[in-house]
Amino acid sequence: MVVEPVGEVAEHPDFRWIALRTVRRLLRVDHLVNMDTRSVLGCLPPGPVLTGSVPSESVPAAPVFTPPASGAPASPSAAADPRSLRALTSWLIDAKQHCPWYARPVPLADVDGWTRTETEIADVRARSFRVIAVRVEAGTREVRQWAQPLLAPRRPGLAVFLCRTGEGVRRVLVRARTEPGLGDLVELGPTVQWSDNTGPAVPEEAGPFDGSALSGDPACVRFDAELSEEGGRFHRAATRYRIIEADPTLPSEDAGLPDDYRWLTPHQLHALVARGHHVNVQARSLLACLASLP
């Protein structure tokens, strides 16, 4: 939720007002803006921020990128008109209906390849995540001490949007991505999404555009930062978020793409975010990062 308060907001030592432009630039600093904030930022409509300034030169500036000058930019209303949204929703529903996956709870004792000790549950090959037990002490919470499980990934993940700008309109390449923990199993995700930043951890994570995900060409990299994931459930989980200018040889029309990929404008993605259960958390974080670009 994004709420505009009515009247004065009481001061608190743990809170500060920060200009939206500043917050967006702070996304470029590794492990500074948390996942919940990024997810809420991803709900804000795209567009210029008219107020605010960056008080510190230590915040890295966005790289300068000038899109092609041909044509006039499409208006936000045209970029997310109801007809295009109906077509996108229909495509996503079709992907959900044809998803061959199903997920169901099973007893831990019936899961092969995992071990349990007094402090953790882990896979025997040490390739996947662990579930660890932690004891927490906090001086500023209602409850000062508690114990809980945390999911601990072994390596950072990777989430990448390939983007393209034509006729003054930026588009990103999204994938109808299947994940067993999602309520409907399928939501729109980044072009590339790996749970291990060294490569696809399972065959289902692989895709035809993986080769572009690790591009080191400064002329193509629009955004690159390692950001922390939600710390209340995950232990030191992080994802490397990247926005890469797509290779000119990549099909510019949906008809030339695999069935589970589409080119979308940020306005279209934001319209789908507002509907709920359409855009996954990695794509929402990348939407926030996308808004930091010039």
Side-chain angles (χ1 to χ4, degrees), residues 1-3 9 11-65 129 134 136-141 150-161 163 172 189-190 192-198 213-216 218 220-244 266 269-270 273 279-294:
M1 296 179 66
V2 179
V3 179
V9 177
E11 293 187 1
H12 190 283
D14 293 342
F15 293 84
R16 290 289 186 276
W17 288 104
I18 303 177
L20 182 56
R21 177 183 297 165
T22 302
V23 178
R24 286 173 170 168
R25 287 190 64 180
L26 290 173
L27 287 167
R28 295 182 172 274
V29 181
D30 290 354
H31 304 287
L32 184 60
V33 181
N34 75 5
M35 182 276 289
D36 294 311
T37 301
R38 298 194 308 269
S39 194
V40 174
L41 287 172
C43 298
L44 293 172
V49 181
L50 301 179
T51 60
S53 60
V54 181
S56 172
E57 295 180 357
S58 63
V59 178
V64 176
F65 171 61
F129 60 87
V134 299
V136 185
E137 295 183 8
T140 58
R141 298 287 294 270
L150 290 176
L151 192 150
R154 296 185 184 275
R155 301 171 191 84
L158 179 72
V160 182
F161 264 161
C163 70
V172 296
V192 175
Q193 181 181 315
W194 299 340
S195 55
D196 182 336
N197 66 2
T198 62
L214 297 176
S215 172
C220 297
V221 178
R222 304 284 168 255
F223 184 95
D224 192 344
E226 185 175 284
L227 303 174
S228 300
E229 299 303 335
E230 207 273 327
R233 295 167 295 165
F234 299 97
H235 182 258
R236 298 182 179 178
T239 300
R240 184 179 181 187
Y241 287 94
R242 310 190 86 209
I243 300 174
I244 307 291
L269 262 182
H270 278 90
V273 166
V279 182
N280 76 6
V281 65
Q282 289 86 354
R284 296 198 303 271
S285 277
L286 281 169
L287 263 179
C289 300
L290 195 66
S292 73
L293 303 185

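Residue indices begin at 1 and follow the sequence shown.
I244 places a side-chain heavy atom less than 4.5 Å from the side chain of V221. A 4.5 Å side-chain heavy-atom check between S228 and N34 finds every atom pair outside the cut-off. Residues V172 and C163 have side chains in contact (heavy-atom distance under 4.5 Å, counting atoms from C-beta outward). Proximity of L20 to L44: side-chain heavy atoms (C-beta onward) are separated by under 4.5 Å at one or more points. Between R242 and L158 there is a side-chain heavy-atom pair separated by less than 4.5 Å. In this structure, the side chains of F15 and V9 stay at 4.5 Å or more apart for every pair of heavy atoms.
Of the residues V23, D36, V2, L287, the one that meets the side chain to side chain contact (heavy atoms under 4.5 Å, CB included) test with L41 is V23.
The minimum heavy-atom distance between F223 and Y241, with the atom names listed, is CD2-O, 3.5 Å. Across all their heavy atoms, P190 and Q193 have their closest contact at CD-OE1, 3.1 Å. Nearest heavy atoms, G157 versus N197: O-CB, 3.6 Å. Pairing each heavy atom of L27 with each of A288, the nearest pair is CD1-O, 3.4 Å.
Between the side chain of H235 and the backbone N or O of P153, no donor-acceptor pair lies under 3.5 Å. Although no hydrogens or angles enter the test, the distance criterion places no donor-acceptor pair under 3.5 Å between the side chain of R38 and the main chain of E229. A donor-acceptor pair under 3.5 Å is formed between the side chain of S292 and the backbone N or O of C289. A donor-acceptor contact shorter than 3.5 Å is absent between the side chain of R233 and the backbone of L151.
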| task | Step by step, work out the side chain to side chain contact (heavy atoms under 4.5 Å, CB included) result for R240 and D224. | result | CA-CA 7 Å; R240 184 179 181 187; D224 192 344; 2.7 Å; yes

| field | R284 and V281: CA distance, side-chain angles, deciding distance, side chain to side chain contact (heavy atoms under 4.5 Å, CB included) verdict | value | CA-CA 5 Å; R284 296 198 303 271; V281 65; 3.7 Å; yes

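The salt bridge (Lys or Arg N to Asp or Glu O under 4.0 Å) check on E226 picks up nothing, with sequence neighbours excluded.
The environment of CZ in R154 is crowded: more than 12 heavy-atom neighbours from other residues, nucleotides or ligands sit within 6.0 Å.
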